[in-house]
**Q** 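Dropping a structure here in structure tokens format, bear with me for questions.
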Amino acid sequence: MTVTTARPAPPAPGRTAPRPGGVLALMSSCVILTIALVAAINLAIPQLNNGSLHPSSTELLWIVDAYVIVFACLLIPAGALGDRCGRKGALLSGLALFTVGALASALAPGPAVLIAARALTGAGAALIMPATLSLALQSAPPERRPHTIAVWTAATGAAGMAGNLGGGLILQYLPWQGLFWCVAPISLVLFVLTARYAPRGERHPADPDIVGTVLLVLGFVALLFGVIEGPERGWTSATVLGAFAASVVVLTGFVLYALRAAHPLIDPRVFAVPRLRAGVLGVTLTFFGLFALFFVNAQFLQYVKGYSPVLTGLAIGPLAIGMLVVSRHSIPLGRRIGAGRVIAAGLISLAGGLALLSLADADTPYPLYAAVFLVTAAGMGLSMPMLSASILGALPHSRAGLGSGLGSAAREVGSALGVAVMGTVLTARFTDRLPDSLGGHADSPGEAMTAARSLGAAEHARAVAAFTDAMTVGFRVVAAVVAVLAVVVVLWFREEKR
């Protein structure tokens with residue numbers, strides 16, 4: 001499958017045209033920064049639990065998810081804004097906002113301020129992400145565009161490794177605030193390089209849809225509120241049920257409004273194309289599984305296996321390496337045997353890897369744990385490039401910003417839901433299985449695990465058993481969701497062939 005783009009814009013007078021390889025490297029670096037922060041924050045959970053903020057279990061989930069919630073909800077309008085006002089300008093604005101949000105996070109005096117600062121950083125990330133793929137494709141010659149998509153897609157996966165490894169190194173020697181103090185100057189460097197070397201982005205007519213954006217944000221936030229607050233407030237409480245009901249009503253209103261609007265944020269009718277909706281759902285599923293894994297893996301290795309932050313970051317290595325190796329062969333393999341078959345094999349491997357991870361406990365040797373990572377990585381590496389290409393190939397070039405925005409939004413929606421679902425299941429099951437002697441420390445799994453260690457080996461062993469049991473249930477729930485919805489993705493691809 002091919003992705004068509006117009007000729008690159010000519011360079012400004014007195015400046016040479018940027019090299020496609022250099023632009024791709026720069027755009028990939030921006031992508032890695034935005035996604036790496038999602039992975040790195042998971043490593044900081046133990047320090048956040050034991051630090052001065054003392055967030056509750058639900059506040060901790062909001063600290064992790066506020067970034068991806070705003071990231072996901074604003075990606076599509078940010079893509080449209082880049083189409084209208086210029087993708088390079090959108091990228092530079094996003095990098096500036098990202099820097100401010102990181103600094104505000106480092107200086108946050110309490111959980112509420114940290115959550116707000118994380119949301120601000122997510123808004124910057126939303127401006128960054130859609131522009132990167134559009135600018136990379138714009139600078140690439142036609143014969144290199146499939147390679148550009150594969151490299152950019154691989155960067156989204158490698159970002160998880162970068163976040164784990166870089167975050168582990170930082171958190172090994174610095175408090176959790178150090179994570180944000182290090183992110184801010186990196187963002188500034190990327191701002192300067194982008195201003196100097198990125199091509200001038202093309203502009204296309206695209207009307208910002210304020211009403212649609214507000215409806216989408218409110219609907220998704222209501223959904224995540226219900227999922228995250230359910231264990232603490234009760235699944236049948238009026239607040240939680242009201243949040244789910246509000247989400248259904250608002251998102252239904254978004255669809256009805258978009259069907260009638262002259263220039264909607266996204267026309268729901270585009271999902272009549274089976275390849276597009278299959279690609280969006282498939283990307284959502286892949287990142288749902290990936291970030292559910294990231295959320296619990298950092299806690300499992302530190303609380304249960306006793307790994308340091310830097311060793312925890314290194315331990316995720318097989319996942320990223322396997323993904324990078326396999327992703328290079330995804331699109332060529334899809335051309336030979338069919339996109340549907342490659343995607344089916346990838347999603348099945350992902351679900352199988354997550355199911356196997358549910359068997360891990362304190363006695364599981366790391367080589368066996370790493371081998372399961374390779375199975376999971378192979379699944380993501382096979383499916384992601386083909387899924388991304390299917391989204392872009394289903395839309396005309398004039399809507400490239402929308403296409404990359406849809407793909408990126410699917411990633412962040414999946415990430416947010418993966419963290420929320422895994423975190424919710426983990427907290428609920430862990431609290432239910434926690435020994436009575438630790439009941440006073442049940443505000444979060446991390447607080448209880450830390451308290452158990454100080455109470456002696458017997459209490460710590462009981463807490464470890466409760467945590468691994470909760471992790472088992474969480475992985476099985478996530479694996480089941482991926483497996484069931486993977487069938488829908490494959491059926492939609494077969495429908496496209498007809």
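The residues of the chain are indexed from 1 along the displayed sequence. Everything quoted here is computed from the prediction, not taken from an experiment.
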**Q** Evaluate the ring planes of Phe98 and Tyr67, with Trp represented by its six-membered ring, and classify them as parallel (under 30°), tilted (30 to 60°) or perpendicular (over 60°).
**A** perpendicular
**Q** Could you report the tightest heavy-atom contact between Gly226 and Phe244, atom names first, then the distance?
**A** C-CZ, 3.4 Å
**Q** Please confirm whether the ring centroid of Phe254 lies under 6.0 Å from the ring centroid of Tyr257.
**A** no
**Q** Taking the side chain as everything from C-beta on, heavy atoms only, tell me whether Phe180 gets closer than 4.5 Å to Thr121.
**A** no
**Q** As an exercise, state the distance from OH of Tyr307 to CD of Gln302, rounded to the nearest 0.5 Å.
**A** 11.5 Å
**Q** In the structure I gave you, are the side-chain heavy atoms of Leu357 and Met471 within less than 4.5 Å of one another anywhere?
**A** no
**Q** Carefully, step by step, assess Ser105 and Arg118 under the rule side-chain hydrogen bond (donor to acceptor under 3.5 Å, both in side chains).
**A** CA-CA 6 Å; Ser105 297; Arg118 291 274 293 158; 5.7 Å; no
**Q** Tell me, do Val342 and Ser383 make a side-chain contact under 4.5 Å, heavy atoms counted?
**A** no
**Q** Would you indicate whether the side-chain heavy atoms of Phe294 and Val419 approach each other to under 4.5 Å?
**A** no
**Q** Are side-chain heavy atoms of Tyr303 and Val464 found at a separation under 4.5 Å?
**A** no
**Q** Supply the atom-to-atom distance Glu229 CD to Thr58 OG1, rounded to the nearest 0.5 angstrom.
**A** 4.5 Å
**Q** How are the rings of Phe300 and Tyr369 set relative to one another: parallel (under 30°), tilted (30 to 60°) or perpendicular (over 60°)?
**A** tilted
**Q** Which atoms form the tightest heavy-atom contact between Val481 and Leu285, and what is the distance?
**A** O-CD2, 4.0 Å
**Q** Calculate, to the nearest 0.5 Å, the distance between atoms CG and CD1 belonging to Leu60 and Ile63 respectively.
**A** 5.5 Å
**Q** Run the numbers on Phe271 and Val280 for side chain to side chain contact (heavy atoms under 4.5 Å, CB included), then give the verdict.
**A** CA-CA 9 Å; Phe271 290 100; Val280 169; 4.1 Å; yes
**Q** Please confirm whether the backbone N or O of Trp176 pairs with a side-chain atom of Gln47, one donor and one acceptor, at under 3.5 Å?
**A** yes
**Q** Would you find a donor on one side and an acceptor on the other, under 3.5 Å apart, between the side chain of Thr34 and the backbone of Val31?
**A** yes
**Q** I'd like to know whether Leu485 forms a side chain to side chain contact (heavy atoms under 4.5 Å, CB included) with Phe288, so could you lay out the CA-CA distance, the side-chain angles of the two residues, the decisive distance to 0.1 Å, and finally the verdict.
**A** CA-CA 11 Å; Leu485 293 182; Phe288 173 80; over 6 Å; no
**Q** Before you tell me yes or no, could you show the steps for Phe295 and Ile45 under side chain to side chain contact (heavy atoms under 4.5 Å, CB included), namely the whole-Å CA-CA distance, both residues' side-chain angles and the distance that decides it to 0.1 Å?
**A** CA-CA 9 Å; Phe295 180 80; Ile45 288 174; 3.6 Å; yes
**Q** Any luck finding a side-chain donor-acceptor pair between Thr472 and Asp469 under 3.5 Å?
**A** no
**Q** State whether the side chain of Thr468 and the backbone N or O of Ala465 hold a donor-acceptor pair below 3.5 Å, judged by distance alone.
**A** yes
**Q** So, for Leu179 and Gly167, which heavy atoms are closest and what is the spacing to 0.1 Å?
**A** CD1-CA, 4.1 Å
**Q** Tell me whether Ser330 contacts the main-chain N or O of Val326 through its side chain, where contact means a donor paired with an acceptor under 3.5 Å.
**A** no
**Q** Please check: side-chain N/O of Gln172 versus main-chain N/O of Val310, any donor-acceptor pairing under 3.5 Å?
**A** yes
**Q** Between Lys305 and Thr364, is there a donor-acceptor pair closer than 3.5 Å when you use the side chain of the first and the backbone of the second?
**A** yes
**Q** How about Ile35 and Met129: do any of their side-chain heavy atoms sit closer than 4.5 Å?
**A** yes
**Q** Just verifying a value: how many Å separate Thr312 OG1 and Leu171 CG, rounded to the nearest 0.5 Å?
**A** 10.0 Å
**Q** Would the distance check show the side chain of Thr424 and the main-chain N or O of Ala420 forming a donor-acceptor pair, the cut-off being under 3.5 Å?
**A** yes
**Q** Looking at every heavy atom in both Asn164 and Leu43, which two are closest together, and how far apart are they?
**A** O-CD1, 3.0 Å
**Q** Indicate the atoms forming the closest heavy-atom contact of Phe467 with Gln299, along with that distance.
**A** CZ-CB, 3.6 Å
**Q** Using side-chain heavy atoms (C-beta onward) and a distance below 4.5 Å, is Phe291 in contact with Leu417?
**A** no
**Q** On a heavy-atom basis, which atom in Leu387 and which in Ala278 lie closest, and how many Å separate them?
**A** CD2-O, 3.9 Å
**Q** Could you walk me through whether Leu382 and Arg341 satisfy the side chain to side chain contact (heavy atoms under 4.5 Å, CB included) test, starting with their C-alpha distance in whole Å, then the side-chain angles of each, then the deciding distance to 0.1 Å, before giving a yes or no?
**A** CA-CA 10 Å; Leu382 281 173; Arg341 291 179 179 177; over 6 Å; no
**Q** Under 3.5 Å, is there a donor-acceptor pair between the Ser388 and Arg411 side chains?
**A** yes
**Q** Rounded to the nearest 0.5 Å, what separates atom CG in Leu224 from atom CD1 in Ile228?
**A** 5.0 Å
**Q** Do Leu290 and Ser415 have side chains that get closer than 4.5 Å, going by heavy atoms?
**A** no
**Q** Going by atom types only, do Ser390 and Arg275 share a side-chain donor-acceptor pair under 3.5 Å?
**A** no
**Q** Report the distance from atom CG of Leu215 to atom SG of Cys73, rounding to the nearest 0.5 Å.
**A** 11.5 Å
